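As the structure is a prediction and not an experimental result, all values here were calculated from the model. Start at 1 and go down the list; that is how both ligands and their atoms are numbered.
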Amino acid sequence: MANTMKAAVVEKPGVLRIKQVPVPQIADEEVLIRVKYTGICGTDWSIFTGKYSADKLPMVPGHEFSGTVAQVGKRAKGLKEGERVTADINMSCGTCFYCRKGQKLMCRDFHQLGIHVDGTFAEYVKAPCDQVHKLPDNLDFLAGAFVEPVSCVIHSSKAARVTHGSSVAVIGCGLGVLHGALARQRGAAPVIVIGDNARKLAIAKDMGADVVLNVNEVKDPVAEVKKLTEGRGADFVVEAVGTPRTYEQALAMVRPGGTVAAFGICAGDDTITVRPFDLVLGEKTIVGSCAGVGPDWPDAIALLAYGHIKPQPLFSLIVPLEELEAALNELRTNPNLTKVFVASDITKREILSK
Ligand SMILES: [Zn+2]
Ligand SMILES: [Zn+2]
């Protein structure tokens, strides 16, 4: 194997270079993975522009990925060269208060592959063997690169504990589409997805939403959700946009005694206005969820492998690694693009769905 590889390096905010870098050296309990596909995520834009992880640059971003095991460390158990895999990107110290409490996402040394340490917009990436998950034969490399976002949505869904026959309103039609699909899986009815993009809302409907509300047509989504739930508001509301306004809408849209799942990521200094009255007398609950972790990964793999979640309509394009920066920009300007994958071994882009 060569000592160097092609990688997309964010050198400083706004500067991304495709260049040769050393192939990662693995420790005994790590494996080296030859990357097949990496999905582009909003976080990659934030890293590219310096809104996120600016103190970690230069860095190779990329965290939604699939690949094959290329090299196995001496003490890395349970994996063989050539096996098709993805990896849980969430790494923690294992010994702090939070790790010992089983809350590794709160670890004081929490770091994520491709967000805080070098990731997968490259030919190879290394990962600790106990974070690597094999992909079953009925899960292809593209869906394998989509396990990470599905695991995040599963984590949120488990935190909210959506139950059979309960109404779920999802604000947002990015990953909100997946939240709708998962609410359907959990037996919710009706599942309402609210967004601003007709094409994405049509996909949401195909993937399990009973009702979609386009905010360009519906003036007041809160009133509309109340109308659909006999005036009460939804039993569960998922905020999957990440703006103060939509968080306030979520709290207004959930019924007394209901639960808001906080999923969309706001800016660090954003604040919202909450009436404590609604939380106390209205017994409204807010549950946060940061990422898919641990068991959320095999759970995501199972749902994808058996087709209970069919994300293919969300897959737009595969682009060569050399076009990563162009694709990051296209995702900002073309509202009809959904998931764009990057591959280091192709020279021409491939269209997956229009
Ligand atoms: Zn992501
Ligand atoms: Zn820890």
*Return the set of protein N, O or S atoms whose distance to the Zn ion (ligand 1) is under 2.8 Å, each given as residue and atom.*
Cys41 SG, His63 NE2, Glu64 OE2

*Kindly compute the distance separating CG (Asp140) from NZ (Lys36), expressed to the nearest 0.5 Å.*
10.5 Å

*Find the distance between CD (Glu30) and CG (Asp130) and round it off to the nearest 0.5 Å.*
10.0 Å

*asked:* Within this structure, what is the CG-CD distance for the pair Leu32 and Gln71, rounded to the nearest 0.5 Å?
replied: 5.5 Å

*So how far is it from Ser151 OG to Glu64 CD, rounded to the nearest 0.5 Å?*
9.0 Å

*Are Phe110 and Tyr98 close enough that their ring centers fall under 6.0 Å?*
no

_Separation between CG of Asp270 and OH of Tyr247, rounded to the nearest 0.5 Å_ = 10.0 Å

_Residue among Asp210, Asp235, Thr229 satisfying side chain to side chain donor-acceptor pair (under 3.5 Å) with Ser167_ = Asp235

*To the nearest 0.5 angstrom, please state how far the OG1 atom of Thr243 sits from the CD1 atom of Ile265.*
13.0 Å

*Passing candidate, ring pair (Phe, Tyr, Trp, His ring centres under 6.0 Å) with Phe315, options Phe141, Tyr37, Phe146*: Phe146

*Which count of protein N, O or S atoms is obtained for distances strictly below 2.8 Å from the Zn ion (ligand 2)?*
4

